[in-house]
Amino acid sequence: MILVFGSLNIDLVLAVPRIPRPGETVLAPSYERKPGGKGANQAVAAARAGGRVAMAGAVGDDGFGREVIDNLAAQGVDTTLLRTVDRPTGLACITVDAEAENAIAVASGANGVADSNTIPDTALGPETLVVLQMEVPPAANWRLVERARAQSARVMLSLAPAGPLPEHAFRGLDYFLVNRLEAEMAADALGLASGDIGTTARNLARQGGTLVIVTLGADGVLATDGESVLTQPSLRVDPVDTTGAGDTFAGVLAAGLDAGLGLAAAVARASTAAALACTGLGAQESMPTAAEIDQRMADLPAANLAGPEFGD
């Protein structure tokens, strides 16, 4: 089972001719209201890819909160661990330009009081893959890492948005998912030498005793355990909106790992899904189903593995 602890938002998406500069007003003809939040996005991506998923976190006692819960339930995500709190549901304002790039501002709201202590120990165990991000209080994440490890659950952390990562929490991870900038920031914070992305990723993997997966956008994915290095080129598509691509990758990767796939196969499925997510507007609506991923897997360029096979 996949247990996602993280943020839940409503996204207001504005298609603009260009991302506003500081002090600049750019007009959009309209906007769309969509469910979002990194936690909820990853839960939906995993569920659409065929995973059995439960979501833990917090929403407000408001219309947005009810909309978020109803949407998750409709996607097949178990919502029994969600709490309703005395804060407004999280809100994100997303501007998307003509080149499919985006800029995002987030009001945390209820996410700021998400409490991992409300997750019972019975939800953690050897059959559970805990999936975390950084849009909830970091201390709540680190407490859950410690509890999950004590119950022999596996843990995946997406260091997004990037923030401080205590070494004790880092060493409790099974999978560390970052983009290029996040990898460099994590290495710097941990006092590790960084240079090219391959060296940075290997240093992180050796320091944490974890599998490090680095998403590189159009350049694909790099994964390493500190010795072997897997490079997976990306699926070529015509992008419309990159919002949610990273969350799609994380959720589909979790679904593959939870289903027992090896790292290379799970990364291949996640890479395909992330590319497909860029072909539609919005985060969750553009996330592909398992059948849609299967249909395009043959178009994914072959991966390269330098070193022995991973001991998945």
Side-chain angles (χ1 to χ4, degrees), residues 1-4 41-53 76 126-133 153-158 173-180 183 197-198 201-202 204-205 208-237 244-279 286-312:
M1 184 191 77
I2 300 164
L3 173 61
V4 180
N41 288 348
Q42 292 181 12
V44 169
R48 285 196 176 179
R52 186 165 65 93
V53 187
E127 301 304 316
T128 301
L129 173 58
V130 176
V131 176
L132 307 170
Q133 322 79 36
R154 293 176 295 164
V155 183
M156 175 191 295
L157 171 68
S158 300
L173 304 178
D174 295 276
Y175 308 100
F176 185 51
L177 179 57
V178 286
N179 62 24
R180 188 189 302 268
I197 191 58
R202 285 193 298 273
L204 284 167
T210 182
L211 284 165
V212 174
I213 302 105
V214 187
T215 57
L216 302 170
D219 292 329
V221 179
L222 181 152
T224 181
D225 59 3
E227 301 302 327
S228 299
V229 178
L230 173 76
T231 52
Q232 173 63 68
S234 62
L235 177 70
R236 297 302 175 185
V237 296
D247 292 333
T248 300
F249 182 93
V252 177
L253 178 67
L257 294 170
D258 186 60
L261 296 182
L263 182 66
V267 165
R269 290 189 65 80
S271 298
T272 301
L276 294 176
C278 296
T279 62
S286 59
M287 291 174 173
T289 64
E292 290 168 336
I293 298 169
D294 290 340
Q295 188 176 18
R296 292 299 305 276
M297 282 288 293
D299 299 326
L300 185 71
N304 179 67
L305 177 64
E309 293 286 342
F310 291 97
D312 297 311

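The structure displayed is predicted, hence computed values, not measured ones.
Screening residues 209-219 for side-chain hydrogen bond (donor to acceptor under 3.5 Å, both in side chains) gives no qualifying pairs among residues at least two apart or on separate chains. For residues 244-257, the salt bridge (Lys or Arg N to Asp or Glu O under 4.0 Å) pairs, not counting sequence neighbours, are Lys38-Asp247.
Nearest heavy-atom pair across Ala201 and Val214 is CB-CG2, 4.0 Å. Across every non-hydrogen atom of Asp294 and Arg269, the tightest pair is OD1-NH1, 2.6 Å. Looking at every heavy atom in both residues, Ala254 comes nearest to Val131 through CB-CG2, 3.9 Å. Between Leu177 and Phe249, the closest heavy-atom pair is CD1-CE2, 3.7 Å. Looking at every heavy atom in both residues, Ala302 comes nearest to Pro233 through O-CD, 3.4 Å. When all heavy atoms of Leu211 and Leu263 are compared, the closest pair comes out as CD2-CD2, 3.9 Å.
In this structure, OG1 on Thr272 lies 4.5 Å from CE on Met297, to the nearest 0.5 angstrom. Here the CD atom belonging to Gln295 is positioned 8.5 Å from the OG1 atom belonging to Thr289, to the nearest 0.5 angstrom. Between Met287 atom CE and Glu292 atom CD the span is 12.5 Å, to the nearest 0.5 Å. Here CG of Leu253 is found 11.0 Å from CG of Asp258. Values are rounded to the nearest 0.5 Å. With values rounded to the nearest 0.5 angstrom, Leu3 atom CG is found 8.5 Å from Leu132 atom CG. Atom CD1 of Ile197 and atom OG1 of Thr231 lie 13.0 Å apart (nearest 0.5 Å).
In this structure a side-chain-to-backbone donor-acceptor pair under 3.5 Å is present from Ser228 to Pro308. With Ser234 contributing its side chain and Ala218 its backbone, the two residues share a donor-acceptor pair below 3.5 Å. Side chain of Gln232 to main chain of Pro301: a donor-acceptor pair is present (N/O by atom type, distance under 3.5 Å, no hydrogens or angles). Side chain of Thr248 to backbone of Ala274: no donor-acceptor contact under 3.5 angstrom is found. Of the possible donor and acceptor atoms, none in the side chain of Arg154 sits under 3.5 Å from a partner among the backbone N and O of Asp174.
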Stepwise, does the side chain to side chain contact (heavy atoms under 4.5 Å, CB included) test hold for Met1 with Arg52? CA-CA 5 Å; Met1 184 191 77; Arg52 186 165 65 93; 3.5 Å; yes

I'd like to know whether Arg48 forms a side chain to side chain contact (heavy atoms under 4.5 Å, CB included) with Val252, so could you lay out the CA-CA distance, the side-chain angles of the two residues, the decisive distance to 0.1 Å, and finally the verdict. CA-CA 8 Å; Arg48 285 196 176 179; Val252 177; over 6 Å; no

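For Ala255, the side chain to side chain contact (heavy atoms under 4.5 Å, CB included) partners are Ile2, Ala46, Ala49, not counting sequence neighbours.
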